[in-house]
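Given the structure is predicted, the values throughout are model-derived calculations rather than measurements. Convention: sequence-line order gives letters A, B, ...; per-chain numbering from 1.
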There are 2 protein chains.
Amino acid sequence: MERYCNKLKAGGLKLTPRRLAIIGLFVDHNTHFTAEDIWSRLQKRFSRCGLPGVYRNLESLVECGILTRIQQFDRKKHYGLCAGSHHHHHITCIRCGKVDNIEDCAFDSAKKIKGYTVVSHFIQVNGVCGGCAKAAPHRDRVWGKGMFVCSEK
Amino acid sequence: MERYCNKLKAGGLKLTPRRLAIIGLFVDHNTHFTAEDIWSRLQKRFSRCGLPGVYRNLESLVECGILTRIQQFDRKKHYGLCAGSHHHHHITCIRCGKVDNIEDCAFDSAKKIKGYTVVSHFIQVNGVCGGCAKAAPHRDRVWGKGMFVCSEK
DNA sequence: CCTCCAAATAGAAATAACTTCTATTTATAT
DNA sequence: ATATAAATAGAAGTTATTTCTATTTGGAGG
C-alpha cells in the first residue's frame, strides 16, 4: 500500500479515503473490475458515492500508473492493478477473472514492421488459471457474446 | 469474393446487395472500419440504409468468420477482414489510422505462463506508417484521451 | 492548530454507441 | 411462381460513460 501512496503523491494526487478504498479493493481481490463493480463494492462504506466519481478515480489511477486498462470485448472498461513500473503485460483467467502480470515480453519494439516505426504495443493473454483448471468444468463463469478477445489459437 | 460468398452460404446467410457491398468495402480498402464508417460509405448506393442494419450485418459477418473484431481503446467496435484462417495480428498507424496485418506471431501459445493454460492472445502494435513519417509532424491526427493502448516502450 | 486553495466530490443532465422492436420487404429453396 | 425464413427500415430504448456546476476537503504553508 505504501508504494501506491507514493505513486499517488508522485502524480500530484491526494490520498482521499475513496481513492485508498478503491486501491484496497484491487489489492485485496487481485482481479480486474469495471467501474460499476467498484461502485457496488463501495456502497457499504461510501453510501453517497456516485458512478461519475468512480470513473474519475479509475482514470486518475491509470494516469499515475497504479491501474491499467484491460481489454474485453464487452463494451465496458475494465481495470486491473499495474504492479510494476517496468514494461510488462497481462494474463487474465477467463473463468474467475484473475489478472497476473507477464514479466518477460517477447515483442521486439526495435524491429521495423511493414515500414512502420513502432511506438507501443499491447499484449493480452487469456487462459485458465491453475485453480480454475482443477474446479468442476460446468462451474464456468458465463461470459456474454463477443466477450473474448480475438486470435484464438 | 467467391470465398466470402461460400462462407456466407455455409453460415446460412443470404447474399444480399447490402452484405456484398459491405464485404466489398473491406476488400477494397484493406483496413478496419467502425459501423459508422461503413454506414457513411454506404450512403451513396443505399440511401435508405440505417445504422442498425449495418450493426446487424457486421455481427453476422463476424459470426460466419468473414470479419474479425479489432480492439481499440476508444469505446467503438472496429471490424476488419479476417483474411486468413491463419493466425495473425494488427499494426495500426497512430496518425492516419491505417491497419496492416502482422503475419508472423512471436507469441508461443504452448508455453505455460504462471500456471495458466493459454486459450487465446491478442497483440496490437501501434506505430507511425511510412507515409505519415514523411508528412509534416505538426499535422498529427488528434486522438482522444485513452485512445492509445498501454505499455509504451 | 488554522487557513487557504487546488483538487476532489456529488448529483443531475448530456452524450455516444449501440440494441431492440414491429412492420414490411426480399432472397432463395421448392 | 410461390412460400417462407431471413433481411431490412425506422423509431424507440438501453447502457456505459462524460460533462457540468456547485460544494466540500486534503494537505502545504503560516
Engineer: Is the phosphate of C:dT19 approached by B:K77 (side-chain N or O, under 4.0 Å from OP1 or OP2)?
Structural biologist: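 Yes, B:K77 has a side-chain N/O under 4.0 Å of OP1/OP2 on C:dT19.
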Engineer: Which whole-number value in Å describes the distance from A:Y79 OH to D:dT17 P?
Structural biologist: 7 Å
Engineer: Could you pull out all residues at least two apart from A:F33 that satisfy ring pair (Phe, Tyr, Trp, His ring centres under 6.0 Å)?
Structural biologist: A:F26, A:H29
Engineer: side-chain contact (heavy atoms from CB on, under 4.5 Å) for B:L81 and B:Y4? Distances and angles first, verdict last.
Structural biologist: CA-CA 10 Å; B:L81 265 189; B:Y4 297 122; 3.5 Å; yes
Engineer: For B:T34, check side-chain contact (heavy atoms from CB on, under 4.5 Å) against everything at least two apart and list the hits.
Structural biologist: B:E36, B:D37, B:K76, B:H78
Engineer: Whole angstroms only, please: what is the CG-P distance between A:L61 and C:dA8?
Structural biologist: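 Atom-to-atom, A:L61 to C:dA8, this comes out as 10 Å.
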Engineer: Between B:K9 and B:T34, who's closer to the 5' end of DNA chain C by nearest nucleotide?
Structural biologist: B:T34
Engineer: Looking only at side-chain N and O atoms, does A:Y55 come under 4.0 Å of OP1 or OP2 in D:dT18?
Structural biologist: no
Engineer: Find the distance A:F46:CZ to C:dG11:C1' and express it as a whole number of Å.
Structural biologist: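 Result: 18 Å.
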Engineer: Determine the minimum heavy-atom distance between B:R19 and B:S60, stating which atoms define it.
Structural biologist: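 The answer is NH2-OG, 4.0 Å.
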Engineer: Please report, rounded to the nearest Å, how far the P atom of C:dA10 is from the CD atom of A:Q43.
Structural biologist: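 Taking atom P of C:dA10 as the reference, CD of A:Q43 is at 10 Å.
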Engineer: Calculate, to the nearest 0.5 Å, the distance between atoms CD1 and NZ belonging to B:I102 and A:K114 respectively.
Structural biologist: 8.5 Å
Engineer: What is the distance, rounded to the nearest whole Å, between atom CG of A:L20 and atom P of C:dA8?
Structural biologist: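 In whole Å, C:dA8 P lies 12 Å from A:L20 CG.
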Engineer: Nearest whole Å is fine: how far is D:dT17 P from B:K76 NZ?
Structural biologist: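 So the NZ-P distance, B:K76 to D:dT17, works out to 15 Å.
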Engineer: I need the minimum non-hydrogen distance between B:A35 and B:Y55, along with the two atoms involved.
Structural biologist: CB-CE2, 3.3 Å
Engineer: What nucleic acid atoms does A:L15 come within less than 4.0 Å of, heavy atoms only: base, sugar-phosphate, or nothing?
Structural biologist: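 Contact class for A:L15: sugar-phosphate only.
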Engineer: Quick one: do B:E63 and B:K7 make a salt bridge, cutoff under 4.0 Å?
Structural biologist: no
Engineer: Starting at CZ of B:R75 and ending at C1' of C:dA16, how long is that distance when rounded to a whole Å?
Structural biologist: 6 Å
Engineer: Rounded to the nearest angstrom, tell me the gap between atom CH2 in A:W39 and atom C1' in D:dT15.
Structural biologist: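 From A:W39 CH2 to D:dT15 C1': 14 Å.
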Engineer: What string of B, S and - do you get for nucleotides 3-8 of chain D, 5' to 3', if B is base contact, S is sugar-phosphate-only contact and - is no contact with any protein heavy atom under 4.0 Å?
Structural biologist: --BBSB
